[in-house]
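Residues take their numbers from the sequence shown, with the count starting at 1. All values below were derived from every heavy atom in this structure, side-chain atoms included, with hydrogens, water molecules and symmetry-related copies excluded.
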Amino acid sequence: MPVPIRRLCVALTLCCALLAGATACGNGRTTSSSTQDTVAAALVVATPSPTTSAERQKFAKTRFVLNAGLAAGATYQWIVKPWKAGKFKKGAHGRTVTLVKAGLAGAFAYNRLKAAQRNAKGDPLLSRALAPLTKGIDALKALPAKLRKGDGKAADSYDDIINKVKDAGKDAGAPVKDKVPSASELSKG
């Protein structure tokens with residue numbers, strides 16, 4: 001939508017007046033530190049902050065439980081169950097589809113575990129409980145490719161990390177229950 005030229009002229013005039021007024025106030029002398037502190041304090045007070053630390057941490061455990069539950073559900077439904085059923089073995093019926101779903105589930109689980117890890121930082125107890133699992137979660141990044149190749153050890157690694165995350169959540173007072181995501185959630189990541 002076009003802006004009338006009259007509004008542009010008024011805005012330009014006001015900007016120039018403010019700029020000229022700000023530069024005219026400087027008389028070459030340094031101001032006292034108390035004046036600078038007052039101005040700095042006024043600027044800090046006037047600057048809005050998006051959220052306080054208490055607001056950021058408000059639902060940290062809830063978000064952790066949701067994200068870890070989605071990761072656990074996807075891992076169990078599309079990686080562990082087919083692995084135990086032998087659907088990753090060469091010659092298994094529907095192997096290609098199973099491997100594609102497992103690769104998507106692996107990427108989804110990694111994404112949700114990283115989100116759960118970020119959520120855990122909002123709660124001190126969860127943060128301490130998940131700290132030792134950081135390397136294990138980061139190692140999951142390479143496993144979807146291994147799943148697509150049919151590596152059964154990759155499925156075992158996912159199961160192991162998910163169980164450790166569930167145990168850490170349980171110890172921190174945030175028990176995680178499997179929540180199987182839909183196929184559309186899985187493909188969105």
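For the atom pair CD1 (Ile161) and CG (Leu113), the distance works out to 8.5 Å, reported to the nearest 0.5 Å. The CD1 atom of Ile79 lies 13.0 Å from the NZ atom of Lys84; values are rounded to the nearest 0.5 Å. To the nearest 0.5 Å, atom CZ of residue Phe108 and atom CG of residue Leu70 are 4.5 Å apart. Considering CG of Leu66 and OG1 of Thr62, their distance stands at 9.0 Å, rounded to 0.5 Å. Note that CZ of Arg95 and NZ of Lys90 are 6.0 Å apart. Values are rounded to the nearest 0.5 Å. Asp123 contributes atom CG, which lies 11.0 Å from atom CZ of Arg63 (distance to the nearest 0.5 angstrom).
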request  = Kindly indicate, with the supporting measurements, whether the criterion side-chain contact (heavy atoms from CB on, under 4.5 Å) is fulfilled by Thr98 and Phe88.
outcome  = CA-CA 7 Å; Thr98 304; Phe88 291 157; 3.6 Å; yes
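When every heavy atom of Gly73 is checked against every heavy atom of Pro181, the shortest pair comes out as C-CD, 4.1 Å. When all heavy atoms are compared, the tightest approach of Leu126 to Ala172 is CD2-CB, 3.6 Å. Residues Val80 and Ala155 share a closest heavy-atom pair of CG2-O, 4.4 Å.
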Listed pairs under 3.5 Å, donor-acceptor, residues 127-139 side chains, sequence neighbours left out:
{"from": "Arg128", "atom 1": "NE", "to": "Pro124", "atom 2": "O", "distance (Å)": "3.4"}
{"from": "Thr134", "atom 1": "OG1", "to": "Gln117", "atom 2": "NE2", "distance (Å)": "3.2"}
{"from": "Thr134", "atom 1": "OG1", "to": "Ala131", "atom 2": "O", "distance (Å)": "3.1"}
{"from": "Asp138", "atom 1": "OD1", "to": "Lys114", "atom 2": "NZ", "distance (Å)": "2.7"}

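For the pair Asn111 (side chain) and Ala107 (backbone), a donor-acceptor distance under 3.5 Å is absent. Formation of a donor-acceptor pair under 3.5 Å by the Tyr76 side chain with backbone atoms of Asp178 is not found in this model.
Using a 4.5 Å cut-off on side-chain heavy atoms (C-beta onward), Trp83 and Asp156 make contact. At least one side-chain heavy atom of Tyr158 sits less than 4.5 Å from a side-chain heavy atom of Leu140.
Evaluation of the side chain to side chain contact (heavy atoms under 4.5 Å, CB included) rule for Ala68 yields Phe64, Ala116, Val165, Val176 as partners, not counting sequence neighbours. When the side chain to side chain contact (heavy atoms under 4.5 Å, CB included) test is applied to Asp160, the partners found at least two apart in sequence or on another chain are Lys164.
If you run side-chain contact (heavy atoms from CB on, under 4.5 Å) between Pro82 and each of Gln77, Lys101, Lys87, only Lys87 comes through.
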